[in-house]
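Only one structure is covered here, and it is reproduced in the block below.
So that the names make sense, note that chain A is the first sequence line, chain B the second, and so on, each numbered from 1. Computation of the quantities below employed the complete heavy-atom set of this structure, encompassing side-chain atoms and omitting hydrogens, waters and symmetry-equivalent molecules. Because the structure is predicted, anything quoted here is derived from the model rather than measured.
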Amino acid sequence: MSHVVKITIDGVECMATSGQYIIDVAKENGIYIPTLCNYPGVKPKGSCRICTVKVNGRMMTACTTPVSENMEIDNTSGDIVELRKAIIELLFIEGNHFCPACEKSGNCELQALAYRYSMMVPRFPYTFPQRQVDAQNPKLVKDQNRCILCKRCIRAIHDADGRAIFAYHKRGNKVEICLDPKIGKNLSDELAQKAMDVCPVGALLVKEKGFDQPIGERKYDKEPIGSDIEKL
Amino acid sequence: MSKPIVATTSLAGCFGCHMSLLDIDERILDLIELVEFNKSPINDIKKFTKKCDIGLIEGGCCNSENVHVLKDFRENCKILISVGECAIMGGLPAMRNGIPIRECLEEAYLNGPSVKNNTEKIIPNDPEIPIMLDRVYPCHEVVKIDFHLPGCPPRADLIWDALVALITGSELKLPYEVVKFD
Ligand code: SF4
Ligand code: SF4
Ligand code: SF4
Ligand code: FES
């Protein structure tokens, strides 16, 4: 049986239902905790660590940790912010992110986090890995240069029979996302669009379409990511 | 007090960042009141004639000449600023970074669909021509860079605000809409 628990986030008292994840309780209380691999309605994975908070002094991921009575959560102290910044910077140098040439620019969650955390330049050297663009699917282009391996596409996109369309392929630092060629061949327009929307970055793009929304008028061009939650 | 001296250059860039500097519109009149320009494509001064306070660098390093100019700027400017994505992370020229240099040159001069008339199959190699580097390097991986202004190009307001803050010693405010990577 679920019951009501009381927790604090940065000293603010919040009511929650036991079993709820910290991230959702924060959201209901108008507090933004950044996420990348987490996606509403999809089982959390806890792979990107950007949502790290301190729970009674210990670092935990807010998207996978359920609340319990009297939890004290720290979402703003210096080392948390520093850790998040480092993760964002690492994601930028780990792939090839040429934002000026990316259709997702302005709507991209990774870029929006870099804006929110005022990244001017990553502190780590760029690795410029050699990665491929795969345009074989009739509806979608997959650009591995921008993929942050969050698995949101694997977890959220299924065909009518409930089969996953995306999967991991290869191992270690060679791992990449691939589209099942058979199921992918008959991808509907809706599902292709959904895949593009689910992807936090510009790694999955619907073909033959671009710049419908001009640069400067996109989701995160005027307001930082998370402001919708903070305005609640 | 003498005016602070500014120098600018375009390495492996497209001059878009310089255009953005000119996009400060009529504030350009205030700028020439505030600073003196030395080596820069804007006034066509080709060699440093004195030590400068601020150097604005557009573009990353794709060849030996870029490296030479960048080092020259480091020696002659107290503060160096990487202006734009190309200076900060190589930008579009760095899209060649995953491709071996030989392959790039062969595509450009021997095998590309637009290559005509190169019957002798020559890849330009005159000693006068700067040597291409194995990849495009962000400026801060070649010399120490003091500040970075992102954008492609950085918004004119960002360049203006940063210059004014540096010159007047005031705090640089960064409104959300002004720092963008595109
Ligand atoms: S995916 Fe995001 S961060 Fe990467 S290039 Fe595109 S806009 Fe930039
Ligand atoms: S393609 Fe997009 S959604 Fe899928 S793992 Fe890569 S970044 Fe995540
Ligand atoms: S950052 Fe953009 S505008 Fe500036 S030189 Fe590079 S391509 Fe041109
Ligand atoms: S959002 Fe929690 S680990 Fe990625």
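- Interatomic distance, B:Phe147 CZ to A:Met120 CE, rounded to the nearest 0.5 Å: 10.0 Å.
- Atoms CG and NZ, from B:Asp182 and A:Lys104 in turn, are 14.0 Å apart once rounded to the nearest 0.5 Å.
- Looking only at heavy-atom pairs under 4.5 Å with chain A, the residue among B:Cys152, B:Pro150, B:Ser82 that has the most is B:Pro150.
- In B:Asp126, the CG atom is crowded: over 12 heavy atoms of neighbouring residues, nucleotides or ligands sit closer than 6.0 Å.
- Annotation for B:Ile131: atom CD1 does not count as buried by contact number, only 12 or fewer foreign heavy atoms lying within 6.0 Å.
- Between B:Tyr137 and A:Tyr126, the distance separating the two ring centers is not shorter than 6.0 angstrom.
- Other residues, nucleotides and ligands contribute over 12 non-hydrogen atoms within 6.0 Å of the NZ atom of A:Lys54.
- In this structure, NZ on B:Lys180 lies 9.5 Å from OG on A:Ser105, to the nearest 0.5 angstrom.
- Contact annotation for A:Tyr220: both backbone and side-chain heavy atoms come within less than 4.5 Å of a heavy atom of chain B.
- With a 4.5 Å cut-off on non-hydrogen atoms, A:Asp221 touches chain B through its backbone and its side chain both.
- Within 6.0 Å of atom NZ in B:Lys78, 12 or fewer heavy atoms from other residues, nucleotides or ligands are found, so the atom counts as exposed in its surroundings.
- Contact tally against chain A (heavy-atom pairs below 4.5 Å) for B:Met95, B:Glu85, B:Glu177: the top residue is B:Met95.
- A cation-pi arrangement is absent between A:Lys222 and B:Tyr176 under the rule of less than 6.0 angstrom and at most 45 degrees off the ring axis.
- Annotation: the span from A:Gln130 atom CD to B:Asn97 atom CG amounts to 10.5 Å, rounded to 0.5 Å.
- Atom CD of A:Gln132 has 12 or fewer neighbouring heavy atoms from other residues, nucleotides or ligands inside a 6.0 Å radius.
- Atom CZ of residue A:Phe98 and atom CE of residue B:Met89 lie 4.5 Å apart, to the nearest 0.5 angstrom.
- Within a 6.0 Å sphere centred on OH of B:Tyr109, heavy atoms belonging to other residues, nucleotides or ligands number 12 at most.
- Of the atoms belonging to B:Ile145, not a single heavy atom falls under 4.5 Å from chain A.
- Crowding of A:Met59 atom CE: a count of heavy atoms from other residues, nucleotides or ligands under 6.0 Å exceeding 12.
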